[in-house]
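These numbers come from the heavy atoms of this one structure, side chains and all, not from hydrogens, waters or symmetry mates.
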Amino acid sequence: MGILALDLEFEKPEEIMLATLLSDVGLLCLGEKHDLEDYKLHPLKSINLVLERKLPLDENIKKIILFSHENCLKTGFPKGKDVNADKIPPESQLIQICQMLDEKSLIKKGELRPNLEEVKQVLLEDLSKSRLFELSLIAKLKNYWQLKSA
């Protein structure tokens, strides 16, 4: 995540790395039997947990964490339909895309190891069709991955 943010020339890749590390801390608050609504609040809970520990968080990092599960189709969370799609930071979108890449490239018992280049290609196609994220970010990723695989 950090190297990708750096290579894609994000202004402050260290903020993305920190936000990535802290964005799911709120999952620790969920009990064994939690409902979907509790899960959807975990980005906000993550921010609150960090702040309760008196750890300072820059406003931009808070924003990246808060929007780490939002998307341009307004089907994400915690804001969902109430989110202003233009306000979703590209850093938050990058976190989600990297999580999707991780999920698709998991090595599963009894299956062949996924070819990372093929996984990236399929992911880019899916993302382009879905309109979940800014097309400019998808294009930037596509160019970067093509350069790295050449």
Side-chain angles (χ1 to χ4, degrees), residues 1-108 114 116 119-148:
M1 164 61 73
I3 292 172
L4 183 58
L6 190 62
D7 286 348
L8 291 178
E9 299 178 353
F10 275 84
E11 192 174 317
K12 296 183 178 178
E14 67 279 0
E15 287 185 355
I16 300 172
M17 289 185 283
L18 184 56
T20 301
L21 291 170
L22 299 175
S23 64
D24 288 336
V25 170
L27 293 173
L28 299 171
C29 294
L30 298 178
E32 266 185 54
K33 296 183 180 181
H34 63 274
D35 62 11
L36 185 58
E37 293 310 309
D38 284 339
Y39 175 77
K40 288 182 176 183
L41 291 174
H42 86 264
L44 187 57
K45 289 180 181 179
S46 296
I47 294 169
N48 290 335
L49 273 174
V50 171
L51 293 175
E52 284 173 10
R53 301 294 186 270
K54 308 278 191 257
L55 297 171
L57 274 184
D58 179 85
E59 288 302 315
N60 195 46
I61 295 172
K62 287 184 207 174
K63 187 175 179 181
I64 294 169
I65 294 170
L66 184 62
F67 286 87
S68 64
H69 290 282
E70 299 288 0
N71 62 60
C72 296
L73 295 179
K74 300 182 176 192
T75 58
F77 57 87
K79 294 182 181 232
K81 293 177 186 171
D82 296 329
V83 74
N84 181 343
D86 295 334
K87 300 284 184 189
I88 302 171
E91 296 89 347
S92 299
Q93 296 177 50
L94 184 63
I95 290 172
Q96 288 184 69
I97 292 169
C98 286
Q99 288 174 340
M100 291 173 169
L101 179 63
D102 285 347
E103 287 173 22
K104 291 183 178 293
S105 58
L106 282 175
I107 300 170
K108 297 175 185 161
L116 189 56
V119 170
K120 287 177 184 177
Q121 199 60 38
V122 169
L123 178 62
L124 285 170
E125 289 171 17
D126 292 348
L127 292 173
S128 296
K129 292 176 192 172
S130 73
R131 304 279 191 211
L132 288 171
F133 306 107
E134 291 177 13
L135 290 177
S136 59
L137 178 59
I138 304 304
K140 211 172 179 181
L141 267 173
K142 184 177 184 177
N143 290 337
Y144 173 72
W145 282 340
Q146 284 176 343
L147 285 174
K148 290 299 261 187

(message) In terms of relative ring orientation, are His69 and His42 parallel, tilted or perpendicular, with 30° and 60° separating the classes?
(response) perpendicular
(message) Both conditions, 6.0 Å and 45 degrees, for the charged tip of Lys140 above the ring of Phe10: are they met here?
(response) yes
(request) Check step by step if side-chain contact (heavy atoms from CB on, under 4.5 Å) holds for Leu30 and Lys45. (result) CA-CA 10 Å; Leu30 298 178; Lys45 289 180 181 179; 4.2 Å; yes
Mind checking the [atom1]-[atom2] spacing from [X] to [Y]? Nearest 0.5 Å is all I need.
X: Leu18; Y: Ile64; atom1: CG; atom2: CD1; answer: 9.0 Å
X: Ile61; Y: Leu22; atom1: CD1; atom2: CG; answer: 7.5 Å
X: Trp145; Y: Leu123; atom1: CH2; atom2: CG; answer: 5.5 Å
X: Leu101; Y: Gln96; atom1: CG; atom2: CD; answer: 13.5 Å
X: Leu137; Y: Ile97; atom1: CG; atom2: CD1; answer: 4.5 Å
X: Asn84; Y: Phe67; atom1: CG; atom2: CZ; answer: 8.0 Å

Between [X] and [Y], is there a donor-acceptor pair closer than 3.5 Å when you use the side chain of the first and the backbone of the second?
X: Ser46; Y: Val25; value: yes
X: Glu70; Y: Lys79; value: yes
X: Glu91; Y: Glu15; value: no

Over all atoms of both residues, closest heavy-atom pair of [X] and [Y]:
X: Ser128; Y: Leu135; answer: O-CD2, 4.2 Å
X: Ile47; Y: Lys62; answer: CD1-O, 3.3 Å
X: Leu94; Y: Met1; answer: O-CE, 3.7 Å
X: Leu4; Y: Cys98; answer: CD2-SG, 3.5 Å
X: Leu51; Y: Leu57; answer: CD2-CB, 4.2 Å
X: Leu49; Y: Gly26; answer: CD1-CA, 4.1 Å

(message) Before you tell me yes or no, could you show the steps for Lys104 and Asp126 under salt bridge (Lys or Arg N to Asp or Glu O under 4.0 Å), namely the whole-Å CA-CA distance, both residues' side-chain angles and the distance that decides it to 0.1 Å?
(response) CA-CA 12 Å; Lys104 291 183 178 293; Asp126 292 348; 3.8 Å; yes
(request) Could you check if a side-chain atom of Met100 sits within less than 4.5 angstrom of a side-chain atom of Leu127, using non-hydrogen atoms only? (result) yes
(message) Is the shortest side-chain heavy-atom distance between Phe77 and Leu41 below 4.5 Å?
(response) no
(request) Take atom CD1 of Ile3 as the centre, draw a 6.0 Å sphere, and report whether it contains more than 12 heavy atoms from other residues, nucleotides or ligands. (result) no
